[in-house]
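Remember, it's a predicted structure, so these values are computed and weren't measured experimentally.
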Amino acid sequence: MSPLGAVPPPGPECIHLSAAVLPDELARYAIGLANARGGTILVGAGEDDGVQDLHPLMLTHAIFELSGGRLSVNVQSHRQPGGREVLSVFVPRAPYVLSDPGGAVLAWNGQHLVPVSQTEAEPVADVDYTATIPPDASLADLDTAEVGRLRLFAERSGGQRAAPIAGLPDIDFLRELGLLSPSGGALRPNLAAILLAGTPAAIRAHIPQAEVCFYHHQTLDVEFHFREDLVRPIPATLSRLAELIQARNRFTPVQVGLFRIEVWEQDETVYREALLNALTHRDYQSRDAVHVHLYPNRLDILNPGGLPGGITPGNILRHQPKRRNPLLAEVLARLGLIEQAGVGVDKMFGLMLRHGKEPPEFTTYPDAVELSLHSMGFDAEFVRFVARKQEELQTLSLDMLIVLSVLAREGEATRAALARALQLAEDRTPRLLRQMEDIGLIERAGVGRGIAYLLGAEAREALQRANLRQAMQAPVAAPVPAPAAALAERGAPNFWAGGWGKSVPTTALQSQQVPAVSAAAAPHQPIPEQPFPSQPVPSQPAPSTAAPAAQPPHPDLTDLPAAEAAHLHGPSRAEIRAIALALARERGSVCNADLREACGLTQPQAWRVLRGLVQSGHLARTGGGRSAAYQLPRRGE
């Protein structure tokens, strides 16, 4: 408690209420003040006995609940001369118009609560919550060590706007960044300053929702094995999160000529960009914290507030950037921590695709957005191919990487499918595809409506050899049950689809005239369970007594032993999905090992197929980790 001093006179920014006011009535006044310009409500200032038996936290919680979780106020208790207690309720200006507990939209006009018309109730788009100055904030809320950390970022940024101010005294440095402003006769920090350099006590007092909860899961189960709650300024939070993730991170080296590329399960540049985006663009009006879950196969970041208006997972690469917290984003960009041009998402996509992984996956909810960075497996040959082409062409745009990644996974794709992956209108893709054809990255097969695009010959050859080595390690495929075998008709296998075995358009094979190759079986060692494939070690093929079977022609196979070529003729992707469903139907459930044994897949490949069937609603997962099983969904699910 602290002395209150002179009681402010009634006005548009100060309301005096009786200590006997009911909580819902107090919430109405707080909402009306927030819908105007914000201000202060004094409770009990005119009473002889003041406020009794009412804790500030009780009042804060009541207003938050009665406003539907949309209004957060700061309540402080002051003792007046004579022992009277008065509560000061500091109400910020709302970024959008709020309604009271009864659904009415009211605003304070300086004397009364008045209804707000529909025109006046339009959202206020130019209000920046992080630029709000808490009435009771002071310079004591800032940590000098954290201010020094910001100064180091300014020195290292090399930018014309940040580097010159790095040598200024602390007060001038913060004022130049827009983090301090005069208010109430004193220089006070705004919420952006507290988020960037505030003490833990100041963060808890002024913006407690700026918390990040980290969870580590040793398995895919919901239960976590480690948790740490972080209430620190944004730079310190990022540093601690990087320590927690890197302590559990691993990499696989990929040799490309004389150079070695380290492919991490979670690339530090990618997850730092994702975390920075989450902390910069989250809704700080929401009382929810940011949740970071590290699983064996992915990193999930759950962010309050959802994506800014108009942005969806389907247009996030193309939509004009929107900043929910302009001041905070401006300071971070000026210090060189984020890209002011809004290319953070592009950077994440580009790095993950270059490392042969799936792109970031966004899932939206009404009041939140979840970003998943998958770490399960990668295509080493794709990494080598992209690195070589990057050196050869000097530039490999994100759009080109998206096309190459889709074709490496799927084997073929129509222009419409590539347009969806590129998040472009279909009529905007021909120029890009022609350019990629001209430099030999892709090829076109078919005519008219049947046109499909394939990887170019160089990429097919590179990925084909990788598939051959992978096949030489895969376990011998068990006989497929009759119901599963009858679900799909075999087509010409795709030898460069990253192990998926998707059928190639017939037009792509008509021009190839190569003698057929006999099939033979060979014993192989199973691949051990691990997130990344181990370095391939070909096993010695053994003679087989099985009758040779004619296979479709394919280039570059005339110099391969028959035993090696046989392993390239696996089931198509449609057949693999059908086999998974048949196994689930016949056995009651199917697991990763069952699908690997039936189709000769690696662990990541089988996992992707099963995950796709779960996402499409064809299967439902039970359990987690190595005990995960996939069943046909029950009726009504």
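- In this structure a side-chain-to-backbone donor-acceptor pair under 3.5 Å is missing from Glu243 to Leu238.
- Counting all heavy atoms, side chain and backbone alike, Glu412 lies closest to Leu407 at C-CD2, 3.9 Å.
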Between Arg388 and Glu391, does a salt bridge (charged side-chain N to carboxylate O under 4.0 Å, His left out) hold up when you go through it step by step? CA-CA 5 Å; Arg388 289 194 296 267; Glu391 183 177 2; over 6 Å; no
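- In this structure the side chain of Val403 reaches within 4.5 angstrom of the side chain of Met436, judged on heavy atoms.
- Contact check on Arg250 versus Asp267 returns no salt bridge, with no Lys/Arg side-chain nitrogen under 4.0 Å from an Asp/Glu carboxylate oxygen.
- Counting heavy atoms of neighbouring residues, nucleotides and ligands inside a 6.0 Å radius, atom NE2 of His618 does not exceed 12 of them.
- Between the side chains of Glu410 and Tyr453, not a single donor N or O lies within less than 3.5 Å of an accepting N or O.
- In terms of the salt bridge (charged side-chain N to carboxylate O under 4.0 Å, His left out) criterion, residue partners of Arg151 (sequence neighbours excluded) are, by chain and number, Asp170.
- The shortest heavy-atom contact between Arg298 and Ser375 is N-OG, 3.5 Å.
- Nearest heavy-atom pair across Pro296 and Thr219 is CD-O, 3.6 Å.
- Cation-pi contact between Arg248 and Phe226: present, with separation from the ring centre below 6.0 Å and deviation from the ring axis of at most 45°.
- By the salt bridge (charged side-chain N to carboxylate O under 4.0 Å, His left out) test, Arg444 pairs with Glu437, sequence neighbours left out.
- Residues Gln435 and Asp438 have side chains that never bring a donor and an acceptor to within less than 3.5 angstrom of each other.
- In the model, His225 has no side-chain atom that pairs as donor or acceptor with a side-chain atom of His217 under 3.5 Å.
- A salt bridge links Glu262 to Arg260: one of the charged nitrogens lies within less than 4.0 Å of a carboxylate oxygen.
- From Met352, atom CE reaches atom CZ of Phe378 across 12.5 Å, with rounding to the nearest 0.5 Å.
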Please determine whether salt bridge (charged side-chain N to carboxylate O under 4.0 Å, His left out) holds for the pair Arg240 and Glu228, giving the CA-CA distance in whole Å, both sets of side-chain angles, and the decisive distance to 0.1 Å. CA-CA 10 Å; Arg240 179 56 182 161; Glu228 183 169 331; 2.9 Å; yes
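- Phe385 and Phe382 have tilted rings, their planes meeting at an angle from 30° to 60° on a 0 to 90° scale.
- The salt bridge (charged side-chain N to carboxylate O under 4.0 Å, His left out) check on Glu358 picks up Arg608, Arg611, with sequence neighbours excluded.
- A salt bridge links Arg384 to Glu381: at least one charged side-chain nitrogen sits closer than 4.0 Å to a carboxylate oxygen.
- Heavy atoms of other residues, nucleotides or ligands lying less than 6.0 angstrom from CD of Gln320 number 12 at most.
- In terms of heavy-atom proximity, Asp283 sits nearest to Gly305 at CB-CA, 3.6 Å.
- At most 12 non-hydrogen atoms from other residues, nucleotides or ligands lie less than 6.0 angstrom from CZ of Arg428.
- What you find for Leu177 and Val331 is that their closest heavy atoms are O-CG2, 3.3 Å.
- Counting heavy atoms from C-beta outward, Leu454 and Ile442 have side chains that stay 4.5 Å or more apart.
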